[in-house]
S.K.: 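Take a look at this one; I'll ask things after.
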2 protein chains.
Amino acid sequence: MQSKRNFSAKREAIYAALASTTLHPSAEWVYEQLKPELPGLSLGTVYRNLSVFKEIGLARSVGIINGQERFDANMMQHPHFICQKCFRILDLPAGYYSPGKNLYKMLERECDISVEMHSMTFYGLCSRCR
Amino acid sequence: MQSKRNFSAKREAIYAALASTTLHPSAEWVYEQLKPELPGLSLGTVYRNLSVFKEIGLARSVGIINGQERFDANMMQHPHFICQKCFRILDLPAGYYSPGKNLYKMLERECDISVEMHSMTFYGLCSRCR
DNA sequence: AGTTGAATTAGTAATTGTTATTGATTTTGA
DNA sequence: TCAAAATCAATAACAATTACTAATTCAACT
């Protein structure tokens with residue numbers, strides 16, 4: 001099992017690259033980032049390991065922006081902001097909006113669904129683009 | 001003189017198909033739906049016209065779910081619910097959560113961004129799947 | 001009705017992000 | 001030490017979408 005085993009050097013590097021930035025990168029970005037230090041790395045390995053991180057709860061998808069899936073190693077629930085021009089993804093402080101279990105419960109009761117999580121995303125122009 | 005061309009019959013049919021359902025369909029779905037009545041329709045035409053609708057503000061993307069982009073002709077701001085098992089997308093009543101211009105303004109002030117819109121999505125299991 | 005020119009289309013090819021396969025290499029555990 | 005399991009790079013395969021091209025449609029104006 002993954003949890004008992006230590007990460008391989010490459011898996012470790014991929015996680016470190018993802019965790020060290022708030023850019024919410026794509027697989028491609030992680031690959032380009034690591035290529036200089038790990039010349040033998042392949043893009044497929046990056047994709048595979050990002051999937052592993054999602055499975056074991058070390059990362060999540062922020063969605064597919066401009067055709068590419070974007071990842072986040074910050075597992076705290078927080079809203080995102082996506083710049084419609086440059087496709088930067090910014091973290092917003094959770095304080096601005098955080099629906100609690102009460103909202104989940106109300107939705108479950110009123111809409112006959114079970115709610116596991118939510119995602120809140122704002123769109124507009126970032127400071128550089130506007 | 002400027003062209004006063006109305007929607008072509010096919011463009012009209014594609015829009016009607018999209019607007020007549022709350023399934024938040026994919027391009028493929030619209031295509032399959034219309035094929036019986038419009039045997040000469042091509043999938044590329046569906047894709048192209050869905051893009052047109054997005055551009056002119058007659059439809060929006062609900063995101064890429066399970067690899068396929070899903071569309072919505074309901075331009076009212078409202079939250080969505082995505083079933084993690086069957087990938088149904090349900091509309092939720094806007095009343096359960098609707099951040100106003102005041103939240104937008106606060107974000108603009110505090111985070112140095114300009115906010116144009118937001119999207120709120122809940123995930124879980126629908127009534128059929130849970 | 002005929003002409004014109006831009007918009008729209010079908011059909012197909014090309015592109016793109018992602019996943020699966022393969023065969024080699026390394027690691028693990030006994 | 002040795003065999004099974006895990007991991008890997010490289011490449012092929014895949015599916016959704018977009019781009020291209022030549023043909024057709026349609027409104028505006030004769």
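Bear in mind that the values here come from a model prediction, so they are computed numbers and not experimental data. Convention: sequence-line order gives letters A, B, ...; per-chain numbering from 1.
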S.K.: Which residues pass the side chain to side chain contact (heavy atoms under 4.5 Å, CB included) test with A:Ser51, not counting sequence neighbours?
M.R.: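 Counting only residues at least two positions away or on another chain, A:Ser51 forms no side chain to side chain contact (heavy atoms under 4.5 Å, CB included).
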S.K.: Once each nucleotide of nucleotides 9-20 of chain C is scored for protein heavy atoms under 4.0 Å, what B/S/- sequence comes out, 5' to 3'?
M.R.: BBB-----SSB-
S.K.: Please list all pairs meeting ring pair (Phe, Tyr, Trp, His ring centres under 6.0 Å) that have one or both residues in residues 16-39 of chain B, counting only residues at least two apart or in different chains.
M.R.: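 For residues 16-39 of chain B, and leaving out neighbouring residues, the ring pair (Phe, Tyr, Trp, His ring centres under 6.0 Å) pairs sorted by first residue read B:His24-B:His80.
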S.K.: If the helix axis at each end comes from five base pairs, how far does the helix from C:dA1-D:dT30 to C:dA30-D:dT1 deviate from straight, to 10°?
M.R.: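 Between the first-five-pair axis and the last-five-pair axis there is 30°.
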S.K.: Filter on salt bridge (Lys or Arg N to Asp or Glu O under 4.0 Å), then keep only pairs touching residues 57-70 of chain B, sequence neighbours left out; what's left?
M.R.: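 Residue pairs passing salt bridge (Lys or Arg N to Asp or Glu O under 4.0 Å), neighbours aside: B:Lys54-B:Glu69.
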S.K.: Applying salt bridge (Lys or Arg N to Asp or Glu O under 4.0 Å), which residue pairs with at least one partner in residues 91-107 of chain B are found, sequence neighbours left out?
M.R.: none
S.K.: Is B:Met75 isolated, or which residues cluster with it under the ILVMFWY side-chain rule of less than 4.5 Å, directly or via members?
M.R.: none
S.K.: How would you list all residue pairs meeting ring pair (Phe, Tyr, Trp, His ring centres under 6.0 Å) that involve residues 40-68 of chain A, not counting sequence neighbours?
M.R.: A:Phe7-A:Phe53, A:Tyr15-A:Phe53
S.K.: Evaluate the side chain to side chain contact (heavy atoms under 4.5 Å, CB included) criterion for residues B:Leu92 and A:Cys111: first the C-alpha distance (whole Å), next the side-chain angles of each, then the deciding distance (0.1 Å), finally the verdict.
M.R.: CA-CA 8 Å; B:Leu92 297 183; A:Cys111 303; 4.0 Å; yes
S.K.: Going by side chain to side chain donor-acceptor pair (under 3.5 Å), name the residues that satisfy it together with A:Glu108, two or more places apart in sequence or in a different chain.
M.R.: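 None.
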S.K.: Can you list, by chain and residue number, the hydrophobic cluster partners of B:Ile64 when the side-chain cut-off is 4.5 Å?
M.R.: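 The other cluster members (ILVMFWY side chains, heavy atoms under 4.5 Å, direct or chained) are A:Ile64.
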S.K.: Please table the atom pairs, donor to acceptor, closer than 3.5 Å between any side-chain atom in residues 115-130 of chain A and protein atoms at least two apart or in another chain.
M.R.:
unit_1, atom_1, unit_2, atom_2, d
A:His118, ND1, A:Tyr104, OH, 2.7
A:Arg130, NH2, B:Asp112, OD1, 3.0

S.K.: With the criterion being N/O to N/O and under 3.5 Å, what pairs connect the protein with nucleotides 21-25 of chain D, and how long is each?
M.R.:
unit_1, atom_1, unit_2, atom_2, d
D:dT25, O2, B:Arg5, NH2, 3.4

